[in-house]
Amino acid sequence: MKLTELKKGQLAEITSFDKDDLKLRFYEMGCLPGEMVSLELVAPLGDPIAVAVNGTKIAIRKADAKDIIVNPIEKS
């Protein structure tokens, strides 16, 4: 599933990145495979989105977010 497909407040685990240049940028911000991410906010026109990773909110363009692959965490 792509990061852009998460619902607001949904928790997921980052599994991989489709683009190497994107991977390096997000690694520098602490967004590594295995980290938990949740969709926090969506701009009024839908772009950008804000996600929470490691207790920090990060704004991401949807064009970049579609290249981040996540595994949704089901609430028990």
A.B. asks: Any pair with a residue in residues 26-44 that passes side chain to side chain donor-acceptor pair (under 3.5 Å), sequence neighbours left out, goes on the list, sorted by first then second residue, please.
C.D. replies: Ser38-Glu40
A.B. asks: Is there a path of hydrophobic side-chain contacts, each under 4.5 Å between heavy atoms of I, L, V, M, F, W or Y residues, that connects Met36 with Val53?
C.D. replies: no
A.B. asks: Do any pairs count as a ring pair (Phe, Tyr, Trp, His ring centres under 6.0 Å) and have a residue in residues 38-74, sequence neighbours left out, and if so which ones?
C.D. replies: none
A.B. asks: Can you tell me which residue pairs pass the ring pair (Phe, Tyr, Trp, His ring centres under 6.0 Å) test with a partner in residues 47-75, sequence neighbours excluded?
C.D. replies: none
A.B. asks: Return the minimal non-hydrogen interatomic distance between Pro33 and Phe17, and the atom names on each side.
C.D. replies: CD-CE1, 4.1 Å
A.B. asks: Do you know the tightest heavy-atom contact between Ala50 and Leu39?
C.D. replies: O-CD1, 3.7 Å
A.B. asks: Tell me the ring pair (Phe, Tyr, Trp, His ring centres under 6.0 Å) pairs involving residues 34-61, sequence neighbours left out?
C.D. replies: none
A.B. asks: Considering only distance and modelled atom types, tabulate donor-acceptor pairs under 3.5 Å from the side chains of residues 1-15, sequence neighbours left out.
C.D. replies:
| unit_1 | atom_1 | unit_2 | atom_2 | d |
| --- | --- | --- | --- | --- |
| Lys2 | NZ | Lys66 | O | 3.4 |
| Gln10 | OE1 | Lys7 | N | 2.9 |
| Thr15 | OG1 | Ile69 | O | 3.0 |

A.B. asks: Quick one: do Ile68 and Leu32 end up in the same hydrophobic cluster if we chain Ile, Leu, Val, Met, Phe, Trp and Tyr together by side-chain heavy atoms under 4.5 Å apart?
C.D. replies: yes
A.B. asks: Only counting residues at least two apart or in another chain, list the ones meeting salt bridge (charged side-chain N to carboxylate O under 4.0 Å, His left out) with Asp20.
C.D. replies: Lys23
A.B. asks: Write out all pairs satisfying salt bridge (Lys or Arg N to Asp or Glu O under 4.0 Å) with one or both partners inside residues 51-65, taking only residues at least two apart or from two chains.
C.D. replies: Arg25-Asp64, Arg61-Asp64
A.B. asks: To check you understand the geometry: which heavy-atom pair defines the closest contact between Asp67 and Ala63, and what is its length?
C.D. replies: OD2-O, 3.5 Å
A.B. asks: Any chain of hydrophobic side-chain contacts (each under 4.5 Å) joining Val70 to Met29?
C.D. replies: yes
